[in-house]
Asks: 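Here it is: the structure, laid out below.
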2 protein chains.
Amino acid sequence: MVAFHEAVGATLGVTAVDQRALAVIMGAGSVSAGELAKEIGLTPGAVTGVVDRLARAGLARREPDPQDRRRLVITAVPGAFGDAFSGLAKAMAELTDRYTPAEQAVIGDWVARTIAVLREQTRILNERR
Amino acid sequence: MVAFHEAVGATLGVTAVDQRALAVIMGAGSVSAGELAKEIGLTPGAVTGVVDRLARAGLARREPDPQDRRRLVITAVPGAFGDAFSGLAKAMAELTDRYTPAEQAVIGDWVARTIAVLREQTRILNERR
DNA sequence: CACGACATTTCAGTACACTGAACTAAATTG
DNA sequence: CAATTTAGTTCAGTGTACTGAAATGTCGTG
């Protein structure tokens, strides 16, 4: 999975950090540059570069906030991320079809719990520094 | 999962590439520096650095090949990789216990097939360059 | 046993993302 | 409405991993 993400990044011209930033953006719907900086642990100066690369790759957009014109509203471009993963999505959909609904439920449960475990373990590792 | 790997790398002082190299080493049992270079797509010069970092982190060992003293036999240090992931391994073992043997079989089947899909999709992406 | 081929290391140069500080522009406050 | 705070960008400096080429040591071969 790590190798796959690296390959996606190489074809799109974005780093691993950029992809994690995109995940944050998609998860939140939209974020400001400052929020993004805090979330991924970079300085505001570095975030400019992150958003530059995501925008150049067509994955995110940078718009001024109409309420507060100092701020940016950074949003994911709908579909762009999916396009990069369309081959994977198709193959995974075919894979899912091999299982009964009951089996799919078990798999889904396991995946959700595994994600929770990974999040927790990541938190522990990052705390120890 | 990508974030977790990054956190592991940061605590051990190895890069994502280094970790993929370690996976190659463990998968093959042992490799020479040249084989490793070809496998992960780096020049021989860069591989010296990769092995340096893995050795410094206590994850791999670099020994001269007794048959051909120009060559290196690079092996993984048994247990070292597992130690870095011991927290994850424990949590995942507990998670596994929540499921019946039949359910575990379904999950195992899905994981194996998902890995195959990811390998294939990674190959396709890397080919397109 | 000398010669060319091979495996790895070393080293200078390059690329690139990050930090920290200065800067611009916009909002808030008194 | 001036002064302060806040948001983001720019820029010089830094760290680090990679490439390409030269150097070192070792293996086969005629």
Side-chain angles (χ1 to χ4, degrees), chain A residues 2-3 5-22 24-25 28 30-57 59-75 126 129, chain B residues 2-3 5-22 24-25 28 30-57 59-75 126 129:
Chain A
V2 172
H5 264 83
E6 272 175 35
V8 169
T11 55
L12 292 173
V14 298
T15 69
V17 171
D18 298 341
Q19 291 185 70
R20 221 173 58 232
L22 184 59
V24 170
I25 295 165
S30 75
V31 293
S32 71
E35 287 163 2
L36 194 54
K38 207 172 279 181
E39 200 67 37
I40 57 180
L42 293 179
T43 59
V47 168
T48 299
V50 170
V51 179
D52 280 350
R53 288 188 295 275
L54 288 177
R56 181 155 39 82
L59 294 171
R61 249 203 293 271
R62 170 198 262 135
E63 285 159 12
D65 186 331
Q67 253 91 57
D68 182 341
R69 291 196 316 216
R70 293 170 305 180
R71 286 197 173 194
L72 291 181
V73 179
I74 302 166
T75 55
N126 285 332
R129 268 186 295 154
Chain B
V2 173
H5 265 83
E6 272 174 36
V8 169
T11 55
L12 291 173
V14 298
T15 70
V17 172
D18 297 342
Q19 290 185 69
R20 221 173 59 233
L22 183 59
V24 170
I25 295 165
S30 75
V31 293
S32 71
E35 286 163 1
L36 194 54
K38 208 171 281 182
E39 199 68 35
I40 57 180
L42 293 179
T43 59
V47 168
T48 300
V50 170
V51 179
D52 280 349
R53 289 188 294 276
L54 288 176
R56 180 155 39 83
L59 295 172
R61 249 203 294 272
R62 172 198 260 137
E63 285 160 11
D65 186 330
Q67 254 90 56
D68 182 341
R69 292 195 316 215
R70 293 170 304 180
R71 288 195 171 194
L72 290 180
V73 178
I74 302 167
T75 55
N126 285 332
R129 270 186 294 154

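Order of the sequence lines fixes the chain letters, A, B, ..., with proteins taken first and strands second; residue numbering starts at 1 for each chain. Atoms considered below: every heavy atom in the structure, side chains included; atoms not considered: hydrogens, waters and symmetry mates.
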Asks: Which part of the nucleic acid does A:G34 contact within heavy-atom distance under 4.0 Å: base, sugar-phosphate only, or nothing?
Replies: sugar-phosphate
Asks: List the steps and the verdict of side chain to side chain contact (heavy atoms under 4.5 Å, CB included) for B:L59 and B:R53.
Replies: CA-CA 9 Å; B:L59 295 172; B:R53 289 188 294 276; over 6 Å; no
Asks: Taking CD from B:Q19 and P from D:dA17, how many angstroms apart are they, rounded to a whole number?
Replies: 13 Å
Asks: Hey, what do you get for CG (A:L22) to CD1 (A:I40), rounding to the nearest 0.5 Å?
Replies: 10.5 Å
Asks: Run the side chain to side chain contact (heavy atoms under 4.5 Å, CB included) test on B:Q19 and A:V2 for me, step by step, so that the C-alpha distance in whole Å, both residues' side-chain angles and the decisive distance to 0.1 Å come before the verdict.
Replies: CA-CA 10 Å; B:Q19 290 185 69; A:V2 172; over 6 Å; no
Asks: Does A:R62 make a side-chain N or O approach to OP1 or OP2 of D:dA7 shorter than 4.0 Å?
Replies: no
Asks: Check every atom of C:dT9, D:dC18, D:dT19 against the side chain of B:T48 and return the nucleotide holding the closest atom.
Replies: C:dT9
Asks: Quick one: A:Q67 CD to C:dT28 P, roughly how many Å, whole number?
Replies: 11 Å
Asks: Below the 4.0 Å mark, does D:dC18 have OP1 or OP2 next to a side-chain nitrogen or oxygen of B:R53?
Replies: yes
Asks: Nearest nucleotide by nearest heavy atom, which residue falls closer to the 5' end of DNA chain C, A:G41 or B:A46?
Replies: B:A46
Asks: For the pair made of CD1 in A:I40 and P in C:dA17, what is the distance, rounded to whole Å?
Replies: 13 Å
Asks: Between atom CZ in A:R69 and atom C1' in C:dA26, what is the gap in whole Å?
Replies: 7 Å
Asks: Taking CG from B:L54 and P from D:dA17, how many angstroms apart are they, rounded to a whole number?
Replies: 12 Å
Asks: Quick one: are A:R71 and A:E35 in side-chain contact, heavy atoms under 4.5 Å?
Replies: yes
Asks: Is A:R70 close enough to C:dT28 that one of its side-chain N or O atoms is under 4.0 Å from OP1 or OP2 there?
Replies: no
Asks: Look at the side chain of B:L72 and decide which nucleotide, out of C:dT8, D:dC27, D:dC18, has an atom nearest to it.
Replies: C:dT8
Asks: Could you tell me whether a side-chain N or O of B:E39 sits under 3.5 Å from a main-chain N or O of B:V24, the two making a donor and an acceptor?
Replies: no
Asks: In whole Å, I'd like the distance from the CZ atom of A:R20 to the P atom of C:dC18.
Replies: 10 Å
Asks: Can you measure A:L42 atom CG to D:dA7 atom P for me and round it to whole angstrom units?
Replies: 17 Å
Asks: Calculate the interatomic distance between B:R71 atom CZ and D:dT24 atom P; express it in whole Å.
Replies: 23 Å
Asks: How do B:D52 and A:P44 order along DNA chain C: which one's closest nucleotide is nearer the 5' end?
Replies: B:D52
